[in-house]
Enquirer: 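I have a structure here, written as structure tokens, and I will follow up with some questions on it.
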There are 2 protein chains.
Amino acid sequence: MATSGGAGTPAGTTIERPGGRAARGRETDDRILAAALQSFGTKGYEATSLDQLAGELGVTKQTILYHHSSKAALLDAVIDRATADLTATFDEALRGAGPGWERVEALVRSVFRLALRRPELLGLVREVSRLGAPASTRVAENLEPMVRRARAFLAAEMDAGRMRRSDPALVLVSAYSTVLGVATEVEVLRAVGIEPSLRATVVRRRELLAFLRSALVAPTPS
Amino acid sequence: MATSGGAGTPAGTTIERPGGRAARGRETDDRILAAALQSFGTKGYEATSLDQLAGELGVTKQTILYHHSSKAALLDAVIDRATADLTATFDEALRGAGPGWERVEALVRSVFRLALRRPELLGLVREVSRLGAPASTRVAENLEPMVRRARAFLAAEMDAGRMRRSDPALVLVSAYSTVLGVATEVEVLRAVGIEPSLRATVVRRRELLAFLRSALVAPTPS
DNA sequence: CCGAGTGTCTACCACTTGGTAAGTGAAGCG
DNA sequence: CGCTTCACTTACCAAGTGGTAGACACTCGG
């Protein structure tokens, strides 16, 4: 019932906003991308159908295919937007942070905030890494600058003797897995008897930081 | 061509083995479960179709549905088998291990061996935790004894002062995420420039153990 | 006011999905 | 022998899947 047919705006009434005709298209595309990100990131790519996506938007599937030539192309666009969001978020978080360990803390805080407020972003990363190439390659490329900076940071900290010496790339993967896991693996947490709640999440973040700190920071030569 | 029609055994020739008629059914079901585990664990549940699964087995889809009333039921059966395998593998690994940290090492070694030899097992765990209930509940229930033992182990080590004191459940999740991530997240590893190879895997395991050891073991009061 | 272009819709399409109904052949049992 | 049961098949089906073709409405530059 009326999933299509312009239920959003009264028939014939086209809103006249600055930008005019072309702006409506971009606005629709924005909504498409937002809904697709939500669905891909939480339900998964295969489990999301264009029909159902269109239904949620009050639009027909063909409108989606007008803006993105195929489902795969839509995923690419979603990835681009999501990775841009991620980079921006982390840049923002790091802008205010001081040097050294503070930066790690800022990043972890940022991830936990994302896990609460925009779980679909982290979900998409997981989903795409599961899907493999070519989608995963795209994510990797988009995040490459961030990854490189992170690796350089770790290397510098190790050189300065503030972090335990080892392969920065491997440490990065370990830390990544740990953080993303603790922040997002709801089912695993439930399995060990941790129900999701705001209070519990704060505790979890604190414990995770302690875990990471022990794992990374060089033993002080007292 | 000839995906169906008993291409496996010459028409009319029914193998007369001890066990006879009823044993053939169990054998087919074994092959079904093995193929389903493989596909669910590597390609994913939704990305696996019964038709294609049947094709690989040289059997019709209806044969699968004869043994398992639905795709979901098949997943349940696969989960039961996989979790039993996992439990057996880890029990075996722990049987020979000594006390304390040696047990963690034995477990990590075990996970890495699985990642190389039976990646579909670990893949299924990831996949199911992604799918959520009711499948994830089943995994959780099946692995509950193991989880409980692990938590008790951690608690005991902390009590004995050999491990850094903190919430055993949270430490378990952290360690779980780290180990499974480093062992199985091929795409993430590729993203930081680590191509999968046997040599690299050994190095990865050693570094991971160092990472875990720093994270978990209590600082010796020297 | 006209023609081009943009954004969206209706109407299809070929194909695949999980699942049902009904049957077939062989083995086991009285 | 006939009857049942087991293992499996052929033949379908309704409901989706991603994707194409073509029309319609509406806006804007000329």
Side-chain angles (χ1 to χ4, degrees), chain A residues 1-33 36 39-40 43-55 57-77, chain B residues 1-33 36 39-40 43-55 57-77:
Chain A
M1 21 44 170
T3 83
S4 55
T9 55
T13 316
T14 309
I15 304 146
E16 272 297 332
R17 223 143 354 93
R21 80 258 155 238
R24 186 170 44 131
R26 217 175 315 124
E27 195 186 309
T28 304
D29 191 30
D30 264 11
R31 292 176 52 232
I32 291 174
L33 287 172
S39 197
F40 289 166
K43 308 178 37 178
Y45 176 71
E46 285 128 352
T48 300
S49 86
L50 296 184
D51 275 308
Q52 156 227 77
L53 208 55
L57 289 165
V59 148
T60 56
K61 165 173 61 178
Q62 289 67 23
T63 298
I64 299 178
L65 287 167
Y66 170 75
H67 290 276
H68 306 275
S69 60
S70 72
K71 195 186 178 184
L74 174 60
L75 176 60
D76 280 351
Chain B
M1 26 60 101
T3 85
S4 55
T9 54
T13 316
T14 311
I15 305 147
E16 273 299 331
R17 220 139 3 90
R21 66 274 143 221
R24 186 169 47 132
R26 216 174 316 122
E27 192 186 312
T28 304
D29 191 31
D30 264 13
R31 292 175 53 232
I32 290 174
L33 287 172
S39 198
F40 289 167
K43 306 179 38 178
Y45 177 71
E46 286 128 352
T48 300
S49 87
L50 296 184
D51 276 307
Q52 157 227 73
L53 210 55
L57 290 164
V59 150
T60 57
K61 164 173 61 180
Q62 289 67 22
T63 299
I64 299 178
L65 288 167
Y66 169 77
H67 290 277
H68 306 277
S69 58
S70 72
K71 195 186 178 183
L74 173 60
L75 176 60
D76 279 351

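Below, chain A is the first sequence line, B the second, and so on; all start at residue 1.
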Enquirer: If you find the nucleotide of DNA chain D closest to A:Ala47 and the one closest to A:Ser69, which residue's nucleotide is nearer the 5' end?
Expert: A:Ala47

Enquirer: Would one find a side-chain N or O of A:His67 under 4.0 angstrom from OP1 or OP2 of C:dT6?
Expert: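 No.
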
Enquirer: Taking atom P of D:dA7 as reference, at what distance in whole Å does atom NE2 of B:His68 sit?
Expert: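 After rounding, the gap between these two atoms is 12 Å.
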
Enquirer: In terms of side-chain heavy atoms of A:Lys71, which of C:dT8, D:dT9, D:dG19 is nearest?
Expert: D:dG19

Enquirer: For A:Asp51 and A:Lys61, which heavy atoms make the closest approach, and how far apart are they?
Expert: OD2-NZ, 3.2 Å

Enquirer: Between D:dT17, C:dG18, C:dT8, which one does the side chain of B:Asp51 approach most closely?
Expert: C:dG18

Enquirer: Atom CG of B:Leu65 and atom C1' of C:dT17: how far apart are they, to the nearest Å?
Expert: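 In whole Å, C:dT17 C1' lies 12 Å from B:Leu65 CG.
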
Enquirer: For A:Thr48 and A:Leu53, work out which heavy atoms get closest and say how close.
Expert: CG2-CD1, 4.0 Å

Enquirer: Can you see which heavy atom on B:Ala77 is nearest to which on B:His68, and at what distance?
Expert: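 Shortest heavy-atom contact: CB-CE1, 3.6 Å.
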
Enquirer: Looking only at heavy atoms, which two atoms of A:Ser39 and A:Gln52 are closest? And how far apart?
Expert: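 For A:Ser39 versus A:Gln52, the nearest heavy atoms are OG-OE1, 4.0 Å.
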
Enquirer: To the nearest angstrom, how far is A:Arg31 atom CZ from C:dG7 atom C1'?
Expert: 13 Å

Enquirer: Whole angstroms only, please: what is the CG-C1' distance between B:Leu53 and C:dG18?
Expert: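 Going from B:Leu53 (CG) to C:dG18 (C1'), I get 13 Å.
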
Enquirer: For A:Arg31 and A:Leu57, which heavy atoms make the closest approach, and how far apart are they?
Expert: NH2-O, 2.8 Å

Enquirer: Are any protein N/O atoms closer than 3.5 Å to N/O atoms in nucleotides 11-15 of chain D? If there are, list each pair with its distance.
Expert:
from, atom 1, to, atom 2, distance (Å)
D:dA11, N6, B:Gln62, NE2, 2.9

Enquirer: Roughly how many Å is it from CD1 in A:Ile32 to P in C:dG7, rounded to a whole number?
Expert: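 The answer, rounded to whole Å, is 11 Å.
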
Enquirer: Side-chain N or O of B:Thr60 less than 4.0 angstrom from OP1 or OP2 on D:dT10?
Expert: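 Negative; the distance criterion is not met.
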
Enquirer: Quick check on D:dC8: is either OP1 or OP2 less than 4.0 Å from any side-chain nitrogen or oxygen of B:Tyr66?
Expert: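 It does not, given that no N or O in the side chain of B:Tyr66 lies less than 4.0 Å from OP1 or OP2 of D:dC8.
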
Enquirer: Looking at every non-hydrogen atom in both residues, tell me the closest pair between A:Ile32 and A:Ile64 and how far apart they are.
Expert: CD1-CA, 3.9 Å

Enquirer: To the nearest angstrom, how far is A:Ile64 atom CD1 from C:dC9 atom P?
Expert: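 From A:Ile64 CD1 to C:dC9 P: 10 Å.
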
Enquirer: Quick one: B:Glu46 CD to C:dT16 C1', roughly how many Å, whole number?
Expert: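 To the nearest whole Å, that distance equals 15 Å.
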
Enquirer: Can you run down the salt bridge (Lys or Arg N to Asp or Glu O under 4.0 Å) pairs that involve residues 68-77 of chain B, sequence neighbours left out, and say none if there aren't any?
Expert: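 Qualifying pairs, neighbours excluded: B:Asp76-B:Arg138.
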
Enquirer: Look at A:Ser49 and D:dT17 and indicate whether a side-chain polar atom (N or O) is within less than 4.0 Å of OP1 or OP2.
Expert: yes

Enquirer: Please determine whether a side-chain nitrogen or oxygen atom of B:Thr28 lies at a distance below 4.0 Å from atom OP1 or OP2 of D:dC8.
Expert: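 True: B:Thr28 side-chain N/O within range (under 4.0 Å) of D:dC8 OP1/OP2.
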
Enquirer: Base, sugar-phosphate alone, or nothing: which one does B:Thr63 contact when heavy atoms must sit under 4.0 Å apart?
Expert: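 Touches a base.
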
Enquirer: Rounded to whole Å, how long is the line connecting atom CG of A:Leu75 with atom P of D:dG19?
Expert: 12 Å

